[in-house]
Asker: 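Here's a structure for you.
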Amino acid sequence: MAQLSMTGHRAPAILIALAATAAAGLPLHALAEQGFQYTVRIAAPGKLDDLLRENLDVVRFRGNARMDREQLQRMVRAAPEQVKTLVATEGYFSPVVSARIDDGGEPVVVIDVQPGEPVRVDSVDIVLEGFAPNPQSPFDTAALKASWTLPKGDVFRQEDWEKAKRALLRQVVQTRYPRAVLTETEAAVDPERHAATLRIVLDSGPELRFGELRVEGLKRYPASIVANLNQIKPGDYYSEAALQAYQTRLQDTGYFASVEVSADLSAVLDEQIEAGKEQQAGAPSPAVATTAAPPVLPLLVRVVENKRRNVSAGLGYSTNTGNRAQINYDDLVIHGLKMKSALTLETKKQTAKADFYFPTTADGYNDSFGAAYVRSDIEGEDTHTFSITARRAWGTPLLERSIAAELLTERKDVDGSKGRRSTSLPLTYSVTRRKVDNLLFPTKGHVLNWQLGGALLAEEPFARASVKGLFYFPLDAKNMVLLRGEAGAVLSKQKDGIPATYLFRAGGDQSVRGYAYQELGVDEGTATVGGRYLATASAEYQYWLRPAWGAAVFYDAGNAADQLSGLHPKSGYGVGVRWKSPVGPLNVDAAYGHAVKKVRLHFSLGISF
């Protein structure tokens, strides 16, 4: 019984090609436009055909300036061995291969491959060394073995073998054992039995825990900005996921141009070196050392601070609010606070605002306050709003919560007539829950947002509630259904005196497509104003032609009204293009508004919340 033993890593394809080329005696020179011409016909099943066409020398060197009939004959004689080497990577170790040249005008190279029965995994022996027993929090070695991705019965492919080894090691080094190594990997292939025996030995190395926080690079910002965002406590088990989450939180603050969060492995190595020197000098024996506490890794944060002040400007266009010009001014240190301000001028809306942010507290709270002036002229309703807001936010990107209090004054003019002023003190509690497979480009799961609030201190006291959701249903790798819905209600004795900001309207890019921004609502003269009730829904089918490009068809419906009985839905439907841009999904839609009998173009970037 013959056996082939495969250990270590796969030889790169280019080395195989170079070896075969050297055996054929073919120099490696640049291709010429006009060289020796011939045709290659490969008869091989399934993916093997593509594999051979992409890697066989007899295919790649067609048209080479130094090719002639003698060189071709040498290459054809070498082709069967090269074919066997290539198809072995796909699990076929006993193929029947023939290669010949058919003459009759232009030469035709005919390569016939009968791969035979593939080699399958016969047994897997995973040996785990180390993994010191810990009754309080044992490492689940059984689950680790069960996660092996190349089990008994699978076809033994070289690529799958490499992936399985990397995945096994990755699970261990990501948590508790960052110094784990594969000390032995072997795949013994028996071509006669079409069986492969796999053996993997994984040494965990020492179990490591986090130590104290060390910060490098701070100059103008207080250390509390870094320390308060640290959720890793001394004594916690090493976790790569915890390091990445901490780094993301620091990057999101805006204080730093770059952030690197890591565990200082060099500190452990230094301790081990010192311990070795002490033992040589007659210090406690290794038997005593084994009872010592596991090594700790100092938590190291290296930062490069952003410049204190930043000014930026931009021009744009929105299919909701028209042409846009914007200028931003940020100052990261004003009496210990971070300020972000912006002046935005749009065709239908103009905004000036400034917000001040406190550093995140040790309990994870993000407190801020600010002021804003907004003037809008939409569908015949002209509003001027000034507000002062205090907000507290907390949570994670998966579950965000906030509570905000506003002092809001508003003047509203409808249909060209002078309206009334109102003053109120609304309070709003908001929750956003994201349960998706990818926060930037979700394809499965849902996103929900609900708000509850109102104002007792107001000319017209009111209570307000709203909920909206996005639901992603993948059919397969290329097909997906997206459902979207929103509902809201405002309860009060009368509508007059309720700020327009807290009433509902529909229509636009993220609402009912086919209609202008906030075109759907309550008719008041020739104007459209907000209503006390809202209901919208959308169904969309997406087909991804390529990983980054897709097409969509959709149907939207909804409306806003002052009475539930008046919620007569207006529909819009159309087609769109989807692109996974570097900053989020870009949507371009052409929608027909059934009620207005018009086609409208819509642009949107990212998901609506």
Side-chain angles (χ1 to χ4, degrees), residues 254 306-332 334 337-357 368-391 404 406-424 426 499-513 515-521 526-530 581 583-584 586-589 598 600-609:
N306 267 328
K307 57 184 179 181
R308 174 178 170 177
R309 299 179 180 89
N310 183 63
V311 179
S312 62
L315 298 173
Y317 176 78
S318 166
T319 49
N320 275 344
T321 52
N323 299 313
R324 175 188 300 154
Q326 182 170 318
I327 184 168
N328 303 299
Y329 173 71
D330 301 339
D331 191 323
L332 298 180
I334 296 182
L337 305 181
K338 177 174 63 177
M339 184 197 76
K340 299 177 72 68
S341 62
L343 174 64
T344 305
L345 304 178
E346 298 172 289
T347 304
K348 298 182 179 180
K349 191 175 183 180
Q350 299 82 46
T351 304
K353 64 177 182 178
D355 293 298
F356 295 83
Y357 299 86
S368 63
F369 65 91
Y373 170 78
V374 181
R375 186 260 176 181
S376 64
D377 186 358
I378 299 172
E379 298 297 321
E381 182 182 60
D382 188 354
T383 61
H384 299 254
T385 304
F386 177 76
S387 61
I388 298 175
T389 306
R391 182 186 305 273
E406 286 184 282
L407 174 59
L408 186 148
T409 63
E410 179 184 272
R411 192 190 78 195
K412 180 168 59 177
D413 304 329
V414 179
D415 197 16
S417 61
K418 292 295 182 181
R420 58 176 297 175
R421 293 180 179 271
S422 64
T423 301
S424 57
T501 304
Y502 286 89
L503 296 172
F504 298 103
R505 290 201 276 187
D509 303 339
Q510 302 286 357
S511 183
V512 182
R513 287 163 288 188
Y515 299 87
Y517 177 58
Q518 297 190 354
E519 181 180 9
L520 302 178
T526 59
T528 301
V529 300
S581 78
V583 294
L586 176 66
N587 310 311
V588 181
D589 296 316
K598 291 182 180 179
R600 185 175 292 274
L601 194 64
H602 296 274
F603 296 92
S604 61
L605 179 64
I607 59 177
S608 58
F609 58 97

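Sequential numbering from 1 along the given sequence is applied to the chain's residues.
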Asker: State, to 0.1 Å, how close Q326 and A342 come at their nearest heavy-atom pair, and which atoms those are.
Answerer: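 Heavy atoms of Q326 and A342 come nearest at NE2-CB, 4.5 Å.
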Asker: Please give me the minimum heavy-atom distance between A404 and T389, naming the atom from each residue.
Answerer: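 So the two residues come closest at CB-CG2, 4.3 Å.
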Asker: Can you tell me which residue among R421, Q350, R411 is in a side-chain hydrogen bond (donor to acceptor under 3.5 Å, both in side chains) with H384?
Answerer: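 Checked R421, Q350, R411 against H384; only one passes side-chain hydrogen bond (donor to acceptor under 3.5 Å, both in side chains): R411.
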Asker: Tell me if a side-chain donor or acceptor on T319 pairs with a main-chain N or O of F603 at a distance below 3.5 Å.
Answerer: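 Side chain of T319 to backbone of F603: a pair is present.
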Asker: Among T351, D382, T383, which residue satisfies the side-chain contact (heavy atoms from CB on, under 4.5 Å) criterion with R375?
Answerer: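 Among T351, D382, T383, the one that satisfies the side-chain contact (heavy atoms from CB on, under 4.5 Å) with R375 is D382.
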Asker: For K340, which of N328, D330, L332 qualifies under side-chain contact (heavy atoms from CB on, under 4.5 Å)?
Answerer: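 Among N328, D330, L332, the one meeting side-chain contact (heavy atoms from CB on, under 4.5 Å) with K340 is D330.
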Asker: How about NZ on K348, more than 12 heavy atoms from neighbouring residues, nucleotides or ligands closer than 6.0 Å, or not?
Answerer: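 Above 12, so yes.
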Asker: Can you tell me how far apart NE2 (H602) and OH (Y517) are? Round to the nearest 0.5 Å.
Answerer: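 Between atom NE2 of H602 and atom OH of Y517 there are 13.0 Å.
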Asker: Distance from E381 atom CD to S376 atom OG, nearest 0.5 Å?
Answerer: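 Here the rounded value is 7.0 Å.
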Asker: Measuring only between side-chain heavy atoms, which start at C-beta, is V583 closer than 4.5 Å to L605?
Answerer: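 The answer is yes; the side chains approach within 4.5 Å.
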Asker: Find the distance between OG1 (T423) and CG (L407) and round it off to the nearest 0.5 Å.
Answerer: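 The CG atom of L407 is 7.5 Å from OG1 of T423, to the nearest 0.5 Å.
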Asker: Could you report the tightest heavy-atom contact between E406 and S387, atom names first, then the distance?
Answerer: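 Looks like OE2-CB, 3.7 Å.
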Asker: Below 6.0 angstrom between ring centroids: does that apply to F369 and F356?
Answerer: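 Yes - the distance between ring centres of F369 and F356 falls below the 6.0 Å cut-off.
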Asker: Roughly how far apart are T409 OG1 and I388 CD1, rounded to 0.5 Å?
Answerer: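 Between atom OG1 of T409 and atom CD1 of I388 there are 8.5 Å.
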Asker: My understanding is that only residues two or more places apart in sequence, or in another chain, count here; which of them pass side-chain hydrogen bond (donor to acceptor under 3.5 Å, both in side chains) with K412?
Answerer: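 With sequence neighbours excluded, K412 shows a side-chain hydrogen bond (donor to acceptor under 3.5 Å, both in side chains) to no residue whatsoever.
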Asker: Closest approach of A527 and V414, non-hydrogen atoms and distance?
Answerer: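 Smallest heavy-atom distance, with atoms named: CB-CG1, 3.8 Å.
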Asker: Taking NZ, NE, NH1 and NH2 as the nitrogens, is one of them in R600 or D589 under 4.0 Å from a carboxylate oxygen of the other?
Answerer: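 No, R600 and D589 are not salt-bridged.
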Asker: Got a salt bridge between E379 and R505, using NZ or NE/NH1/NH2 to carboxylate O under 4.0 Å?
Answerer: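 Salt bridge between E379 and R505, a charged N being under 4.0 Å from a carboxylate O: no.
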Asker: If the condition is salt bridge (Lys or Arg N to Asp or Glu O under 4.0 Å), which residues does D355 pass it with, not counting sequence neighbours?
Answerer: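 Applying salt bridge (Lys or Arg N to Asp or Glu O under 4.0 Å) to D355 gives none.
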Asker: Please check this pair: side chain of S341 against backbone of Y329, looking for a donor-acceptor N/O pair closer than 3.5 Å.
Answerer: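 Answer holds: yes.
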Asker: So which heavy atom on N320 is nearest to which on G508, and how close?
Answerer: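 That closest heavy-atom pairing would be OD1-CA, 3.4 Å.
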Asker: Is there a donor-acceptor contact under 3.5 Å linking the side chains of Y502 and E410?
Answerer: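 Checked: Y502/E410 side chains show no N/O donor-acceptor pair below 3.5 Å.
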Asker: For a quick test of reading the model, state the closest non-hydrogen atom pair linking T528 to G521 and the distance between them.
Answerer: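 Shortest heavy-atom separation between T528 and G521 comes out as CG2-N, 3.5 Å.
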Asker: Any non-hydrogen side-chain atom of R308 less than 4.5 Å from a side-chain atom of D331?
Answerer: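 Contact flag for R308/D331 side chains = yes.
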Asker: Atom OG1 in T344, atom NZ in K349: separation rounded to 0.5 Å?
Answerer: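 Nearest 0.5 Å value for the OG1-NZ distance: 9.5 Å.
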